[in-house]
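Remarks on the structure that follows.
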Amino acid sequence: MPPDSFMSRLDPLDLYDVRALLDDDERLVKDNVARFVDREVLPIIDDCFAAERFPIELVPRLAELGVFGATLAGHGCAALSYTSYGLICEELERGDSSLRSCVSVQSSLVMGCIDAFGSDEQKARWLPPLARGTALGCFALTEAHGGSDPGRMRTQAHRRDGDWVLNGGKLWITNGALADVAVVWAVADERIAAFLVERGMPGFEARAIRDKFSLRASSTAELSLSDVRVPESSRLPGVEGLKSALTCLDHARFGIAWGAIGAARACLAAVLAHTAEREVFGRTLARTQLIQSRLADAARRITAAQLLAWRLARLKDAGGVAGAQVSLAKWNNVRMALDVARDCRDMLGAAGITLAHSPIRHMLNLESVITYEGTETIHRLVVGRELTGESAF
């Protein structure tokens, strides 16, 4: 069979036909979220990015799709496979990292944390409205001085007349200014604990961070806690120090590893369309060797990331994922997506720096994604520790 006729049957955004590895339910989830992104996200997201506005109007539709707490069972959650959740993240980030970040925080860091470490009363109080999207949550771990070393947190919780009093501050908190409940991590009795702090509690303030040049369509906030008094019933009883927070972060990093693929696919799709039409020196860019080489390199990177993410999801569905495996996927796939986005932006020429094409928006977003929930360096060191048995941090 001639090579051209064989290649014409391949999906340029899925060269190894990863779609064929999915079951019918997983394909249905992927297609439903993809339609939502095409119809409701892409028409507005450039304006949201330019205006630094999170599209809060999409939250009810996200809830209708069942993406909040998608892998959890009960309390109105969909009990989907981790592969399905990965596909959700991929399609949402094909729209914009802000949507995937919102869902990732809501699902993995807030609902997942409450489900894993909360009391029955806390689960019944919060999981249903969070699943319905009638409440939003945030995960308040990062502090200004801490960064990659959350164990240095300075936020404190002290006992007072049977309650807890919280003092401190958190920074770079996704959903923070929109959240109805914050999972706040603090040092309590010389151990790290987590508390559910509700919007409007005296002494609790959230201030949106403005003038970002990345994740502009995401709500990012600084939180301050000044003598915030919460009852013992607000403490998550199952938390066992910092390792509980890191467990939640691994769930979120899984979604990031998938989401980055969506951003890279969007960038490659934009450049494939552009180079097929743009003519230079009497021929389209798509007919030049250099452009074909760069497009092929993007497809190579995306394909490897797709297969890595699929395998990671199958391991997670089988209940056997190690932290180093998650770190490798987050590191590899986000680095891939950022490199692809940068090169796609360049192949668009001068037009590539405008919102007329998506790569510049994805490129800027990915500059944050490669940093948050574990920098590239930290994930390298996690893998290095697994290889050597020695911790370098």
Side-chain angles (χ1 to χ4, degrees), residues 29 32-33 36 54-82 84-86 88-89 91-93 98-142 170 173-185 193-201 204 206 218-221 223 228 230-231 233-239 244-245 247-256 259 373:
V29 168
N32 283 341
V33 179
F36 163 76
F54 175 73
I56 190 72
E57 67 272 21
L58 296 181
V59 168
R61 286 288 292 119
L62 290 167
E64 289 174 15
L65 289 168
V67 304
F68 293 135
T71 62
L72 303 181
H75 303 287
C77 299
L80 299 178
S81 69
Y82 281 104
S84 291
Y85 177 62
I88 289 168
C89 291
E91 290 301 329
L92 289 177
E93 195 143 358
S98 63
L99 268 296
R100 198 269 310 141
S101 292
C102 173
V103 171
S104 180
V105 168
Q106 181 93 336
S107 301
S108 299
L109 297 182
V110 178
M111 297 177 70
C113 186
I114 294 172
D115 184 69
F117 307 116
S119 66
D120 289 341
E121 291 76 15
Q122 289 167 342
K123 295 175 189 179
R125 167 71 178 87
W126 285 110
L127 292 180
L130 290 167
R132 293 192 301 267
T134 54
L136 287 177
C138 68
F139 189 82
L141 176 67
T142 302
K170 303 292 181 176
I173 307 303
T174 299
N175 295 353
L178 305 173
D180 299 283
V181 62
V183 179
V184 176
W185 297 82
F195 301 85
L196 299 178
V197 179
E198 299 182 34
R199 177 204 293 270
M201 283 185 163
F204 179 47
S218 180
S219 174
T220 312
L223 308 183
V228 178
V230 299
S233 60
S234 291
R235 184 179 63 85
L236 293 174
V239 165
S244 297
T247 298
C248 298
L249 289 171
D250 263 350
H251 289 308
R253 290 162 181 159
F254 168 83
I256 292 171
E373 297 192 32

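Asn175 places a side-chain N or O within 3.5 Å of a backbone atom of Gly137 that can act as its donor or acceptor partner. A donor-acceptor pair is defined here as one N or O able to donate and one able to accept, closer than 3.5 Å; no such pair exists between the side chain of Glu93 and the backbone of Ile256. In this structure, the side chain of Gln122 engages the main chain of Ser233 through a donor-acceptor pair within 3.5 Å. A donor-acceptor pair under 3.5 Å is formed between the side chain of Gln106 and the backbone N or O of Ala135. A donor-acceptor distance shorter than 3.5 angstrom exists from the side chain of Ser107 to the backbone of Val67, with no hydrogens or angles considered. No donor-acceptor pair closer than 3.5 Å links the side chain of Arg199 to the backbone N or O of Ala182.
Val29 is not listed as a side-chain neighbour of Ser81, based on a closest heavy-atom distance of 4.5 Å or more. In this structure the side chain of Leu223 never reaches within 4.5 angstrom of the side chain of Val197, judged on heavy atoms. Leu62 has its side chain within reach of Leu99: a pair of non-hydrogen atoms, C-beta onward, lies under 4.5 Å apart. At least one side-chain heavy atom of Val183 sits less than 4.5 Å from a side-chain heavy atom of Leu196. With contacts defined as side-chain heavy-atom distances shorter than 4.5 Å, the pair Leu141/Leu249 qualifies.
A distance of 9.0 Å separates CG of Asp180 from CD of Glu198, quoted to the nearest 0.5 Å. Note that CZ of Arg125 and OG of Ser119 are 12.0 Å apart. Values are rounded to the nearest 0.5 Å. With values rounded to the nearest 0.5 angstrom, Ile56 atom CD1 is found 8.0 Å from Ser219 atom OG. Here CG of Leu72 is found 10.0 Å from NZ of Lys123. Values are rounded to the nearest 0.5 Å. Going from atom OG1 of Thr220 over to atom CD1 of Ile173 covers 9.0 Å, rounded to the nearest 0.5 Å. Interatomic distance, CG of Leu92 versus CG of Leu58, reported as 10.0 Å (0.5 Å rounding).
Contact between Val105 and Cys138 at its shortest, heavy atoms only, is CG1-CA, 4.0 Å. For the pair Ala193 and Phe195, the tightest heavy-atom approach, listed with the atom from each and the gap, is CB-CE1, 3.9 Å. Taking all atoms of both residues into account, the shortest heavy-atom contact from Phe68 to Val59 is CE1-O, 3.8 Å. In this structure, Ala63 and Ala131 approach most closely via the heavy-atom pair CB-O, 3.7 Å. A pairwise comparison of heavy atoms in Ala70 and Tyr85 identifies CB-CD1, 4.3 Å as the closest pair. The shortest non-hydrogen separation linking Met201 to Val230 is SD-CG1, 3.6 Å.
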Worksheet item: Where do Leu80 and Ile88 land on the side-chain contact (heavy atoms from CB on, under 4.5 Å) test, with the steps shown first?
Response: CA-CA 10 Å; Leu80 299 178; Ile88 289 168; 4.0 Å; yes
Worksheet item: Passes side-chain contact (heavy atoms from CB on, under 4.5 Å), Phe254 versus Ser108? Steps please.
Response: CA-CA 9 Å; Phe254 168 83; Ser108 299; over 6 Å; no
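Looking at residues two or more places apart in sequence or on another chain, you find a ring-ring contact (aromatic ring centres under 6.0 Å, His included) between Phe139 and Trp185.
Ring-plane geometry between Tyr82 and His251 is classed as parallel, the angle between the planes falling under 30 degrees on a 0 to 90 degree scale with a further cut at 60.
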